[in-house]
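This report refers to the structure that appears directly beneath it.
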Amino acid sequence: GLSDPLSIEVLEGYDGRITLENVVLSSIHNRPCIQMSDRCCLTLRLVGSSKMLGGGIRVPESSYLTVEGDGSLSIHSEAEEGFGIGNDLVSRHGRIAFYQDGLLHVDMNGKRLIGIGAGQGGEILIKRGKYRIVTNGEEVVNIGSFEADCRMSISNCDIETETRTLTGVGIGSLYKDAKLLMECCKITNHTEGKKVVGIGSLSGKEAKIRFYQMNGSSMMNANLGCALGALEGRTEFSIEEASFVGETAGQEVYFFGGQSEDVHVSIVHAEAIVEHRTKDGQVSRMPKENLSIQFGKLETTLNGVKEVIQIDD
(Lines give C-alpha, C1' and ligand atoms only; values in the text may rest on other atoms or scores of the structure.)
Protein backbone atom coordinates (compact mmCIF):
# COMPACT_ATOMS: atom_id res chain seq x y z
CA GLY A 1 0.00 0.00 0.00
CA LEU A 2 0.92 3.66 -0.13
CA SER A 3 1.34 3.91 3.63
CA ASP A 4 0.27 2.37 6.90
CA PRO A 5 -3.39 2.75 7.85
CA LEU A 6 -3.96 6.08 9.56
CA SER A 7 -6.67 6.64 12.17
CA ILE A 8 -7.24 9.31 14.81
CA GLU A 9 -7.91 8.86 18.52
CA VAL A 10 -9.29 11.90 20.33
CA LEU A 11 -8.31 11.74 24.00
CA GLU A 12 -10.72 12.08 26.90
CA GLY A 13 -11.67 15.67 27.71
CA TYR A 14 -10.25 17.08 24.44
CA ASP A 15 -11.84 20.39 23.46
CA GLY A 16 -10.62 21.69 20.13
CA ARG A 17 -10.53 21.44 16.34
CA ILE A 18 -9.17 19.01 13.79
CA THR A 19 -8.92 19.94 10.11
CA LEU A 20 -9.15 17.12 7.58
CA GLU A 21 -7.58 18.29 4.32
CA ASN A 22 -7.48 15.77 1.46
CA VAL A 23 -6.65 12.85 3.78
CA VAL A 24 -7.44 9.14 3.64
CA LEU A 25 -8.06 7.51 7.03
CA SER A 26 -8.38 3.74 7.44
CA SER A 27 -10.00 1.67 10.11
CA ILE A 28 -7.71 -0.64 12.08
CA HIS A 29 -9.24 -3.84 13.54
CA ASN A 30 -12.78 -2.69 12.69
CA ARG A 31 -12.44 0.44 14.82
CA PRO A 32 -13.75 3.80 13.63
CA CYS A 33 -11.37 6.04 11.65
CA ILE A 34 -11.92 8.77 14.24
CA GLN A 35 -12.45 7.39 17.72
CA MET A 36 -13.63 10.09 20.11
CA SER A 37 -13.22 9.37 23.83
CA ASP A 38 -15.59 10.48 26.59
CA ARG A 39 -16.30 14.13 27.37
CA CYS A 40 -14.75 15.45 24.16
CA CYS A 41 -15.89 18.51 22.29
CA LEU A 42 -14.54 18.18 18.75
CA THR A 43 -15.03 20.54 15.82
CA LEU A 44 -14.10 18.76 12.60
CA ARG A 45 -13.32 21.11 9.71
CA LEU A 46 -13.46 19.63 6.20
CA VAL A 47 -11.17 21.06 3.51
CA GLY A 48 -10.81 19.52 0.06
CA SER A 49 -11.87 15.91 -0.31
CA SER A 50 -11.24 13.34 2.45
CA LYS A 51 -12.07 9.64 2.77
CA MET A 52 -12.59 7.17 5.60
CA LEU A 53 -12.27 3.49 4.73
CA GLY A 54 -13.63 0.69 6.88
CA GLY A 55 -15.33 2.89 9.48
CA GLY A 56 -16.39 6.40 10.36
CA ILE A 57 -16.55 8.58 13.47
CA ARG A 58 -17.55 7.34 16.91
CA VAL A 59 -19.17 9.98 19.14
CA PRO A 60 -19.70 8.61 22.68
CA GLU A 61 -22.79 9.75 24.58
CA SER A 62 -20.87 12.27 26.73
CA SER A 63 -19.14 13.94 23.74
CA TYR A 64 -20.03 16.59 21.15
CA LEU A 65 -19.12 16.61 17.46
CA THR A 66 -19.56 19.62 15.18
CA VAL A 67 -18.75 19.30 11.47
CA GLU A 68 -17.96 22.45 9.45
CA GLY A 69 -16.02 23.62 6.39
CA ASP A 70 -16.62 23.51 2.66
CA GLY A 71 -14.82 20.23 1.93
CA SER A 72 -16.33 16.82 1.34
CA LEU A 73 -16.04 13.55 3.28
CA SER A 74 -16.82 10.04 2.13
CA ILE A 75 -17.12 7.10 4.54
CA HIS A 76 -17.10 3.53 3.27
CA SER A 77 -17.75 0.51 5.47
CA GLU A 78 -18.17 -3.21 4.85
CA ALA A 79 -18.56 -4.26 8.51
CA GLU A 80 -21.31 -6.72 9.45
CA GLU A 81 -22.49 -4.27 12.11
CA GLY A 82 -21.48 -0.72 11.34
CA PHE A 83 -22.20 2.98 11.65
CA GLY A 84 -20.98 5.98 9.67
CA ILE A 85 -21.10 8.83 12.18
CA GLY A 86 -22.50 8.18 15.66
CA ASN A 87 -22.18 5.03 17.73
CA ASP A 88 -22.83 1.29 17.66
CA LEU A 89 -26.16 -0.49 17.97
CA VAL A 90 -26.08 -0.99 21.75
CA SER A 91 -25.06 2.62 22.58
CA ARG A 92 -26.30 6.19 22.46
CA HIS A 93 -24.29 8.84 20.67
CA GLY A 94 -23.44 12.34 21.85
CA ARG A 95 -24.68 15.49 20.18
CA ILE A 96 -23.77 15.66 16.47
CA ALA A 97 -24.23 18.99 14.69
CA PHE A 98 -23.66 19.39 10.95
CA TYR A 99 -22.85 22.89 9.69
CA GLN A 100 -20.62 22.01 6.74
CA ASP A 101 -21.27 23.05 3.15
CA GLY A 102 -19.78 20.14 1.21
CA LEU A 103 -20.97 16.61 0.52
CA LEU A 104 -21.02 13.93 3.20
CA HIS A 105 -21.25 10.56 1.46
CA VAL A 106 -21.74 7.41 3.57
CA ASP A 107 -21.78 4.08 1.76
CA MET A 108 -22.25 0.90 3.83
CA ASN A 109 -22.69 -2.80 3.16
CA GLY A 110 -23.30 -5.31 5.95
CA LYS A 111 -26.04 -6.81 8.09
CA ARG A 112 -27.09 -4.27 10.75
CA LEU A 113 -26.19 -0.74 9.74
CA ILE A 114 -26.79 2.86 10.72
CA GLY A 115 -25.54 5.70 8.52
CA ILE A 116 -25.82 8.69 10.89
CA GLY A 117 -26.98 7.86 14.42
CA ALA A 118 -26.80 4.98 16.88
CA GLY A 119 -28.84 2.01 18.00
CA GLN A 120 -30.01 3.77 21.18
CA GLY A 121 -30.37 7.24 19.64
CA GLY A 122 -28.93 10.65 20.47
CA GLU A 123 -29.23 14.25 19.31
CA ILE A 124 -28.66 14.96 15.60
CA LEU A 125 -28.80 18.50 14.19
CA ILE A 126 -28.54 18.82 10.42
CA LYS A 127 -28.34 22.54 9.63
CA ARG A 128 -26.72 22.66 6.18
CA GLY A 129 -24.74 20.62 3.67
CA LYS A 130 -25.33 17.86 1.14
CA TYR A 131 -25.77 14.24 2.18
CA ARG A 132 -25.85 10.98 0.30
CA ILE A 133 -26.40 7.99 2.60
CA VAL A 134 -26.47 4.56 0.96
CA THR A 135 -27.02 1.32 2.88
CA ASN A 136 -27.31 -2.31 1.80
CA GLY A 137 -28.08 -4.71 4.65
CA GLU A 138 -30.56 -6.83 6.54
CA GLU A 139 -31.63 -4.31 9.17
CA VAL A 140 -30.77 -0.68 8.52
CA VAL A 141 -31.46 2.96 9.35
CA ASN A 142 -29.86 5.63 7.16
CA ILE A 143 -30.34 8.56 9.57
CA GLY A 144 -31.80 8.04 13.06
CA SER A 145 -31.98 5.20 15.57
CA PHE A 146 -32.90 1.54 16.02
CA GLU A 147 -34.25 1.13 19.56
CA ALA A 148 -34.86 4.73 20.68
CA ASP A 149 -37.24 7.57 19.88
CA CYS A 150 -35.88 9.73 17.09
CA ARG A 151 -36.43 13.50 17.37
CA MET A 152 -34.72 15.41 14.64
CA SER A 153 -34.69 18.85 13.06
CA ILE A 154 -33.33 19.03 9.51
CA SER A 155 -32.94 22.35 7.67
CA ASN A 156 -31.14 24.18 4.84
CA CYS A 157 -29.69 21.04 3.30
CA ASP A 158 -29.99 18.49 0.52
CA ILE A 159 -30.34 14.86 1.65
CA GLU A 160 -30.48 11.76 -0.51
CA THR A 161 -30.95 8.38 1.16
CA GLU A 162 -30.86 5.05 -0.62
CA THR A 163 -31.67 1.78 1.14
CA ARG A 164 -31.80 -1.85 0.06
CA THR A 165 -32.72 -4.05 2.98
CA LEU A 166 -34.98 -6.68 4.50
CA THR A 167 -36.11 -4.37 7.34
CA GLY A 168 -35.29 -0.69 7.37
CA VAL A 169 -36.06 3.00 7.66
CA GLY A 170 -34.60 5.79 5.54
CA ILE A 171 -34.93 8.62 8.10
CA GLY A 172 -36.39 8.00 11.58
CA SER A 173 -36.59 5.14 14.07
CA LEU A 174 -36.86 1.43 13.43
CA TYR A 175 -38.57 0.26 16.62
CA LYS A 176 -39.61 3.42 18.50
CA ASP A 177 -41.36 6.74 17.80
CA ALA A 178 -40.21 9.38 15.33
CA LYS A 179 -40.74 13.13 15.51
CA LEU A 180 -39.22 14.87 12.50
CA LEU A 181 -39.20 18.48 11.36
CA MET A 182 -37.81 19.20 7.91
CA GLU A 183 -37.66 22.77 6.65
CA CYS A 184 -36.02 24.72 3.82
CA CYS A 185 -34.44 21.58 2.42
CA LYS A 186 -34.57 19.01 -0.35
CA ILE A 187 -35.09 15.36 0.60
CA THR A 188 -34.87 12.42 -1.81
CA ASN A 189 -35.65 9.04 -0.36
CA HIS A 190 -35.26 5.73 -2.19
CA THR A 191 -36.20 2.56 -0.28
CA GLU A 192 -36.37 -1.06 -1.39
CA GLY A 193 -37.04 -3.98 0.88
CA LYS A 194 -39.24 -6.55 2.52
CA LYS A 195 -40.58 -4.40 5.38
CA VAL A 196 -39.59 -0.75 5.12
CA VAL A 197 -40.46 2.87 5.88
CA GLY A 198 -39.16 5.86 3.94
CA ILE A 199 -39.47 8.60 6.59
CA GLY A 200 -40.93 7.77 10.01
CA SER A 201 -41.12 4.66 12.16
CA LEU A 202 -41.43 0.95 11.42
CA SER A 203 -42.90 -0.38 14.67
CA GLY A 204 -43.08 2.63 17.00
CA LYS A 205 -46.36 3.82 18.51
CA GLU A 206 -46.35 7.01 16.44
CA ALA A 207 -44.63 9.13 13.84
CA LYS A 208 -45.08 12.91 13.64
CA ILE A 209 -43.60 14.46 10.51
CA ARG A 210 -43.69 18.11 9.50
CA PHE A 211 -42.49 19.42 6.13
CA TYR A 212 -42.17 23.19 5.85
CA GLN A 213 -40.93 25.17 2.83
CA MET A 214 -39.24 22.18 1.29
CA ASN A 215 -39.16 19.93 -1.69
CA GLY A 216 -39.33 16.17 -1.21
CA SER A 217 -39.55 12.98 -3.21
CA SER A 218 -39.90 9.35 -2.22
CA MET A 219 -39.53 6.15 -4.22
CA MET A 220 -40.39 2.85 -2.60
CA ASN A 221 -40.63 -0.77 -3.66
CA ALA A 222 -41.61 -3.12 -0.84
CA ASN A 223 -43.48 -6.22 0.22
CA LEU A 224 -44.84 -4.25 3.17
CA GLY A 225 -44.11 -0.58 3.62
CA CYS A 226 -45.08 3.02 4.10
CA ALA A 227 -43.46 6.07 2.55
CA LEU A 228 -44.31 8.65 5.24
CA GLY A 229 -45.35 7.88 8.80
CA ALA A 230 -45.64 4.88 11.10
CA LEU A 231 -46.08 1.48 9.50
CA GLU A 232 -47.78 0.01 12.60
CA GLY A 233 -48.67 3.02 14.79
CA ARG A 234 -50.31 6.43 14.60
CA THR A 235 -49.26 8.92 11.91
CA GLU A 236 -49.47 12.69 11.98
CA PHE A 237 -48.16 14.34 8.81
CA SER A 238 -48.28 18.01 7.87
CA ILE A 239 -46.91 19.71 4.80
CA GLU A 240 -46.90 23.49 4.47
CA GLU A 241 -45.59 25.74 1.68
CA ALA A 242 -43.93 22.67 0.22
CA SER A 243 -44.21 20.06 -2.50
CA PHE A 244 -43.82 16.31 -2.33
CA VAL A 245 -43.81 13.69 -5.04
CA GLY A 246 -43.99 9.97 -4.33
CA GLU A 247 -43.83 6.71 -6.25
CA THR A 248 -44.62 3.51 -4.39
CA ALA A 249 -44.99 -0.04 -5.60
CA GLY A 250 -45.36 -3.39 -3.90
CA GLN A 251 -47.52 -6.03 -2.28
CA GLU A 252 -48.95 -4.12 0.70
CA VAL A 253 -47.71 -0.55 0.58
CA TYR A 254 -49.13 2.75 1.80
CA PHE A 255 -48.08 6.32 1.27
CA PHE A 256 -49.44 8.29 4.25
CA GLY A 257 -49.27 6.11 7.34
CA GLY A 258 -49.37 2.34 7.30
CA GLN A 259 -51.64 -0.41 8.54
CA SER A 260 -53.44 1.74 11.12
CA GLU A 261 -56.41 3.98 10.33
CA ASP A 262 -55.13 6.45 12.94
CA VAL A 263 -53.60 8.70 10.28
CA HIS A 264 -53.96 12.49 10.14
CA VAL A 265 -52.74 14.51 7.14
CA SER A 266 -52.71 18.30 6.78
CA ILE A 267 -51.80 20.01 3.48
CA VAL A 268 -51.55 23.81 3.63
CA HIS A 269 -50.35 25.94 0.70
CA ALA A 270 -48.73 22.75 -0.57
CA GLU A 271 -49.11 19.93 -3.01
CA ALA A 272 -48.51 16.21 -2.82
CA ILE A 273 -48.53 14.03 -5.93
CA VAL A 274 -48.48 10.27 -5.45
CA GLU A 275 -48.21 7.44 -7.97
CA HIS A 276 -49.11 4.22 -6.19
CA ARG A 277 -49.12 0.62 -7.41
CA THR A 278 -50.05 -2.04 -4.90
CA LYS A 279 -51.82 -5.37 -4.66
CA ASP A 280 -53.25 -5.24 -1.13
CA GLY A 281 -52.46 -1.73 0.08
CA GLN A 282 -53.99 1.72 -0.35
CA VAL A 283 -52.61 5.22 -0.68
CA SER A 284 -53.67 5.58 2.95
CA ARG A 285 -56.05 3.89 5.39
CA MET A 286 -57.04 7.19 6.97
CA PRO A 287 -60.74 8.10 7.07
CA LYS A 288 -61.63 11.00 4.76
CA GLU A 289 -62.33 13.33 7.70
CA ASN A 290 -58.69 13.01 8.84
CA LEU A 291 -57.47 14.76 5.68
CA SER A 292 -57.33 18.54 5.90
CA ILE A 293 -56.41 20.65 2.86
CA GLN A 294 -56.19 24.45 2.75
CA PHE A 295 -54.99 26.15 -0.43
CA GLY A 296 -53.49 22.85 -1.45
CA LYS A 297 -53.69 19.85 -3.69
CA LEU A 298 -53.46 16.09 -3.23
CA GLU A 299 -53.22 14.10 -6.43
CA THR A 300 -53.14 10.33 -6.10
CA THR A 301 -52.99 7.66 -8.78
CA LEU A 302 -53.78 4.22 -7.36
CA ASN A 303 -53.16 1.34 -9.78
CA GLY A 304 -53.75 3.70 -12.71
CA VAL A 305 -56.86 5.46 -11.33
CA LYS A 306 -56.27 9.15 -10.70
CA GLU A 307 -58.00 11.22 -8.02
CA VAL A 308 -57.34 14.93 -7.50
CA ILE A 309 -58.46 16.78 -4.39
CA GLN A 310 -57.77 20.49 -4.74
CA ILE A 311 -58.97 22.98 -2.16
CA ASP A 312 -58.26 26.70 -2.58
CA ASP A 313 -59.67 28.08 0.64
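Counting all heavy atoms, side chain and backbone alike, Met182 lies closest to Ile199 at CE-CG2, 3.8 Å. When all heavy atoms are compared, the tightest approach of Val141 to Gly172 is CG1-O, 3.7 Å. Between Ser173 and Cys150, the shortest heavy-atom contact is CB-CB, 3.9 Å. Nearest heavy-atom pair, Ser7 versus Pro32, reported as atom, atom and distance to 0.1 Å: CB-O, 4.3 Å.
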Acceptor/donor pairs from residues 245-257 side chains to any protein atom, 3.5 angstrom cut, sequence neighbours excluded:
from, atom 1, to, atom 2, distance (Å)
Thr248, OG1, His276, ND1, 2.2
Gln251, NE2, Asp280, OD2, 2.9
Glu252, OE2, Tyr254, OH, 2.7
Glu252, OE2, Gln259, NE2, 3.4

Validation: residues 39-53 side-chain donor-acceptor distances under 3.5 Å, sequence neighbours left out:
from, atom 1, to, atom 2, distance (Å)
Arg39, NH2, Glu12, OE2, 2.2
Ser50, OG, Asn22, N, 3.3
Ser50, OG, Val23, N, 3.1

Self-check item: Verdict with reasoning, Thr278 to Leu302, per side-chain contact (heavy atoms from CB on, under 4.5 Å)
Solution: CA-CA 8 Å; Thr278 179; Leu302 176 59; 3.8 Å; yes
Quiz prompt | Full working for side-chain contact (heavy atoms from CB on, under 4.5 Å) between Lys297 and Ile293 | solution = CA-CA 7 Å; Lys297 171 176 147 182; Ile293 301 180; over 6 Å; no
Self-check item: Residue pair Glu232, Lys205: steps toward the salt bridge (Lys or Arg N to Asp or Glu O under 4.0 Å) verdict
Solution: CA-CA 7 Å; Glu232 295 173 14; Lys205 288 192 181 72; over 6 Å; no
Quiz item: Given Leu125 and Arg95, is the side-chain contact (heavy atoms from CB on, under 4.5 Å) satisfied, shown in steps?
Solution: CA-CA 8 Å; Leu125 296 169; Arg95 181 178 167 186; 3.1 Å; yes
Practice problem: Mind running side-chain hydrogen bond (donor to acceptor under 3.5 Å, both in side chains) on Asn109 and Glu78 for me, showing each step along the way? | Solution: CA-CA 5 Å; Asn109 296 303; Glu78 298 275 348; 3.2 Å; yes
Quiz item: Can Glu299 and Lys306 be said to form a salt bridge (Lys or Arg N to Asp or Glu O under 4.0 Å), step by step?
Solution: CA-CA 7 Å; Glu299 180 184 304; Lys306 186 191 265 195; 3.7 Å; yes
Self-check item: Working for side-chain contact (heavy atoms from CB on, under 4.5 Å), residues Asp262 and Thr235
Solution: CA-CA 6 Å; Asp262 195 355; Thr235 295; over 6 Å; no
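Ile209 contributes atom CD1, which lies 9.0 Å from atom OG of Ser201 (distance to the nearest 0.5 angstrom). Taking CD1 of Ile159 as the start and CG of Asn142 as the end, the distance is 10.5 Å to the nearest 0.5 Å. Taken from CD in Gln100 to NZ in Lys130, the straight-line distance is 12.0 Å, to the nearest 0.5 Å. In this structure, the separation between CG on Leu103 and CG on Asp158 is 9.0 Å, given to the nearest 0.5 Å. Note that CG of Leu6 and CG of Leu25 are 5.0 Å apart. Values are rounded to the nearest 0.5 Å. Atom CG of residue Asn30 and atom CD of residue Glu80 lie 9.5 Å apart, to the nearest 0.5 angstrom.
The backbone N or O of Ala178 lies less than 3.5 Å from no partner atom in the side chain of Asp149, so there is not a single donor-acceptor pair. Side chain of Asn189 to backbone of Gly198: a donor-acceptor contact under 3.5 angstrom is found. A distance-only check finds no donor-acceptor pair linking the side chain of Thr163 to the backbone of Thr191 [under 3.5 Å]. Judged purely by atom type and a 3.5 angstrom limit, Thr66 has no side-chain atom pairing as donor or acceptor with the backbone of Tyr99. Put simply, the side chain of Ser145 gets close to the backbone of Ala148: a donor and an acceptor are under 3.5 Å apart. Counting only distance, with no hydrogens or angles, the side chain of Thr135 and the backbone of Val140 share no donor-acceptor pair below 3.5 Å. With Asp70 contributing its side chain and Asp101 its backbone, the two residues share no donor-acceptor pair below 3.5 Å. Looking at Arg92, its side chain does come within 3.5 Å of a backbone N or O of Gln120 through a donor-acceptor pair. A donor-acceptor pair under 3.5 Å links the side-chain atoms of Asn290 to the main chain of Val263, judged by distance alone. A side-chain donor-acceptor contact under 3.5 Å links Ser27 to the backbone of Arg31.
Annotation: side chain of Thr161 is not in contact with side chain of Tyr131 (no heavy-atom distance under 4.5 Å). Contact of the Ile8 side chain with the Ile18 side chain is registered, since non-hydrogen atoms from C-beta on lie closer than 4.5 Å. The side-chain heavy atoms of Ser218 and Phe244, taken from C-beta on, include a pair separated by under 4.5 Å. With contacts defined as side-chain heavy-atom distances shorter than 4.5 Å, the pair Gln294/Ile311 does not qualify. Side chains of Glu68 and Arg17 form a contact here, defined as non-hydrogen atoms less than 4.5 Å apart. For the pair Ser238 and Tyr212, the minimum side-chain heavy-atom distance is 4.5 Å or more. Counting only heavy atoms from C-beta outward, the side chains of Ile96 and Ile85 approach each other to under 4.5 Å. Counting heavy atoms from C-beta outward, Ile116 and Ile124 have side chains that approach closer than 4.5 Å.
Side-chain contact, Glu241 with Gln213: a donor N or O sits under 3.5 Å from an acceptor N or O. With no hydrogens or angles considered, a side-chain donor-acceptor pair links Lys127 and Ser153 at under 3.5 Å.
Val265 and Leu231 sit in two unconnected hydrophobic clusters of ILVMFWY residues. Membership requires side-chain heavy atoms under 4.5 Å apart, directly or through other members. There is no path of hydrophobic side-chain contacts, each under 4.5 Å, that joins Val197 to Ile154. Transitive grouping of hydrophobic side chains (ILVMFWY, heavy atoms separated by less than 4.5 Å) keeps Val283 and Leu224 in distinct clusters. Each of Ile114 and Ile34 belongs to its own hydrophobic cluster when Ile, Leu, Val, Met, Phe, Trp and Tyr are linked at side-chain heavy-atom distances under 4.5 angstrom. Transitive grouping of hydrophobic side chains (ILVMFWY, heavy atoms separated by less than 4.5 Å) keeps Val106 and Phe83 in distinct clusters.
Considering Leu65, Val10, Asn87 in turn, Asn87 is the only one that fulfils the side-chain contact (heavy atoms from CB on, under 4.5 Å) rule with Arg58.
Note on ring orientation: taking the six-membered ring where Trp is involved, the planes of Phe295 and His269 are parallel (angle under 30°, cut-offs 30° and 60°).
Within a 6.0 Å sphere centred on OH of Tyr64, heavy atoms belonging to other residues, nucleotides or ligands number 12 at most.
Remark: Ser77 pairs with Ala79, Met108 by the side chain to side chain contact (heavy atoms under 4.5 Å, CB included) rule, at least two apart or across chains. Partners of Asp177 according to the salt bridge (Lys or Arg N to Asp or Glu O under 4.0 Å) rule, which considers only residues two or more places apart in sequence or in another chain, do not exist here. With sequence neighbours excluded, the residues forming a salt bridge (Lys or Arg N to Asp or Glu O under 4.0 Å) with Glu160 are Arg132, listed by chain and number.
Applying the ring pair (Phe, Tyr, Trp, His ring centres under 6.0 Å) test to pairs two or more places apart or on separate chains, none has a residue in residues 18-60.
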